[in-house]
Amino acid sequence: MRILLTGAAGFLGSHLTDRLIKEGHEVIGMDNFITGNQNNLEHLAGNKNFSFIRHDVSNFIFVPGKIDYVLHFASPASPNPASPLGYPNLPIQTMKAGALGTHNSLGVARAHNAKFLLASTSEIYGDPQEHPQKETYRGHVDPIGARSVYDEAKRFAEALTMAYHRFHNIDTRIVRIFNTYGPRMRLDDGRVVPNFIQQSLRGEPLTIYGDGEQTRSFCYVDDLIEGIFRLMMSDFHEPVNIGNPSETSILEFANLVNELIGNKAGTIIKMAKRLGNDPQRRQPDITRAKTILQWEPGVSLKNGLGKTIPYFKAKLNL
Ligand code: NAD
Ligand code: UDP
């Protein structure tokens with residue numbers, strides 16, 4: 001297939017590009033580098049199955065030649081409002097990538113009668129009141145809170161994807177991605193995995209926002225890409241959660257990172273309270289993915305961190 005992948009220079013987009021090329025497909029990567037990095041794709045220079053278009057997907061998208069599949073991953077993905085270098089700077093771009101970018105990407109799919117897959121997120125469940133989160137849960141989202149620009153853009157993107165499916169008969173899929181980590185994450189995106197690994201490698205205390213009792217369920221990138229690939233090849237149109245159901249508190253996570261790296265500086269509780277809108281608990285119910293895609297993750301947090309820490313170490317020249 002000839003595949004258009006928006007957000008190809010990002011963390012997940014670049015791994016997905018590698019997988020698709022390995023499967024024998026041709027990938028046209030599209031990105032404006034707002035949070036991505038061309039280094040993530042440099043190993044593909046000269047590969048005849050890869051080409052790149054620098055473009056902001058909030059603007060009309062034109063791609064010459066026939067496209068068989070559109071994968072829409074372009075969106076700044078760092079919703080922590082406390083991140084000093086990350087999210088607060090990009091609220092409008094986030095809404096535009098989720099709303100206008102999804103509309104334009106669906107437009108390409110329609111023009112080429114191509115299949116379409118949307119990268120959605122567990123954030124559409126907001127600060128969930130149901131635990132673990134099944135795809136049928138409708139969420140608990142603050143429409144004007146600090147994370148609303150991300151959550152509402154992705155909810156809009158899901159609704160628009162289903163509208164194109166129902167009204168234009170586009171063959172669509174929606175993946176709800178839960179917290180994923182691995183090599184090629186941006187060092188300065190403010191997310192917990194790069195923050196803690198860097199702090200620990202430098203022998204500094206780890207900054208926990210709040211009491212650290214909030215939970216996340218971390219999925220290693222290779223597991224996620226396998227799940228997305230299977231969904232892509234399926235004919236299932238409703239959203240599917242892809243993530244690792246193994247839930248950990250942020251405090252436990254901090255201690256694990258310090259233990260694996262051998263950091264003696266310990267953890268530090270930075271704020272008395274969690275930041276506004278920071279979900280208290282998050283864990284995917286992956287029954288649907290298991291049943292429909294015969295998929296479940298296989299990499300433990302310890303093993304996944306074991307593959308991720310050396311990447312950050314090399315990037316930091318430590
Ligand atoms: P990332 O920031 O590394 O990648 C996003 C890419 O999209 C970047 O290369 C960025 O430059 C590009 N981009 C953003 N806006 C654009 C625009 N207007 N035009 C063109 N390119 C644009 O983030 P990621 O973690 O790889 O996330 C990829 C997708 O997966 C996003 O849609 C994100 O919402 C979703 N997601 C990721 C996670 C996760 O844990 N990593 C969780 C849930 C959902
Ligand atoms: N977090 C933290 N210290 C950091 C960065 C993040 O305690 O230096 C917390 C954050 O408040 C949240 C969790 O870690 O509760 C995961 O944050 P991240 O930004 O990685 O993802 P998200 O909140 O979007 O799941």
Side-chain angles (χ1 to χ4, degrees), residues 5-16 29-38 40-41 53-59 61 71-84 86-87 90 92-102 104-105 118-124 127 147 150-151 153-154 157 175-182 184-186 189-199 205-219 221 224 228 241-243 248-251 253-254 267-271 273-282:
L5 173 52
T6 74
F11 163 49
L12 299 182
S14 64
H15 283 284
L16 189 53
M30 180 169 283
D31 208 292
N32 66 350
F33 300 126
I34 189 168
T35 56
N37 193 324
Q38 52 193 352
N40 290 338
L41 298 170
I53 303 175
R54 184 173 188 156
H55 181 69
D56 180 340
V57 295
S58 310
N59 301 316
I61 302 172
L71 300 160
H72 181 41
F73 277 67
S75 164
S78 171
N80 194 324
S83 157
Y87 211 67
L90 302 170
I92 317 277
Q93 291 92 330
T94 301
M95 293 218 80
K96 286 173 77 175
L100 306 178
T102 303
N104 290 326
S105 303
L118 171 72
S120 185
T121 170
S122 54
E123 280 281 324
I124 65 105
D127 189 359
R147 288 175 181 241
Y150 186 68
D151 303 3
K154 291 288 189 182
V175 56
R176 290 188 182 149
I177 301 169
F178 282 66
N179 296 65
T180 301
Y181 67 99
R184 300 189 195 157
M185 284 190 101
R186 222 176 74 210
D189 78 356
R191 281 186 268 186
V192 72
V193 174
N195 274 13
F196 282 6
I197 294 180
Q198 277 185 80
Q199 290 164 341
L206 274 49
T207 53
I208 293 185
Y209 303 151
D211 58 10
E213 293 302 320
Q214 71 267 39
T215 69
R216 293 295 185 271
S217 306
F218 295 103
C219 184
V221 62
L224 182 93
I228 291 176
N241 289 338
I242 300 284
T248 172
S249 77
I250 293 301
L251 186 58
F253 180 63
T267 53
I268 175 173
I269 312 273
K270 197 176 175 186
M271 291 170 204
K273 283 201 312 192
R274 277 182 303 133
L275 302 156
N277 289 149
D278 190 341
Q280 176 65 37
R281 297 186 75 185
R282 183 182 288 152

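Both counts, for ligands and for their atoms, begin at 1 and track the order of listing. Starting from 1, each residue takes its place in the sequence as its number.
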Check each of [options] against [atom] and report the one with the nearest heavy atom.
{"atom": "atom 4 (C) of ligand 2", "options": "Tyr181, Phe218, Tyr209", "value": "Tyr209"}
{"atom": "atom 28 (C) of ligand 1", "options": "Phe73, Phe218, Phe33", "value": "Phe73"}
{"atom": "atom 10 (C) of ligand 1", "options": "Thr35, Leu100, Ile242", "value": "Thr35"}

Numbered atoms and elements of ligand 2 in range of [X], under 4.0 angstrom, heavy atoms:
{"X": "Asn195", "answer": "4 (C), 5 (C), 8 (O)"}
{"X": "Ile208", "answer": "7 (O)"}
{"X": "Gly190", "answer": "5 (C)"}

Check Ile250 against ligand 2 and report side chain, backbone, both or neither, counting heavy atoms closer than 4.0 Å.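 Side chain only.
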
| Counting heavy atoms only, which part of Arg191 comes closer than 4.0 Å to ligand 2: side chain, backbone, both or neither? |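 Within the 4.0 Å criterion, Arg191 contacts ligand 2 through backbone and side-chain atoms alike.
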
- Message: With respect to Leu12, determine whether any N or O atom, backbone or side chain, lies less than 3.5 Å from an N or O atom of ligand 1.
- Response: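 Leu12 vs ligand 1: N/O contact under 3.5 Å present.
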
Drop me the distance from Leu12's CG to Met185's CE, to the nearest 0.5 angstrom.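 Going from CG on Leu12 over to CE on Met185, the span is 8.0 Å.
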
**Asked** Under 4.0 angstrom from ligand 2, any heavy atom of Phe253?
**Response**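 No, Phe253 has no heavy atoms under 4.0 Å from ligand 2.
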
Look at ligand 1 and say whether Thr6 reaches it with a heavy atom at a distance under 4.0 Å.
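Thr6 does not count as a contact of ligand 1 under the 4.0 Å cut-off.
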
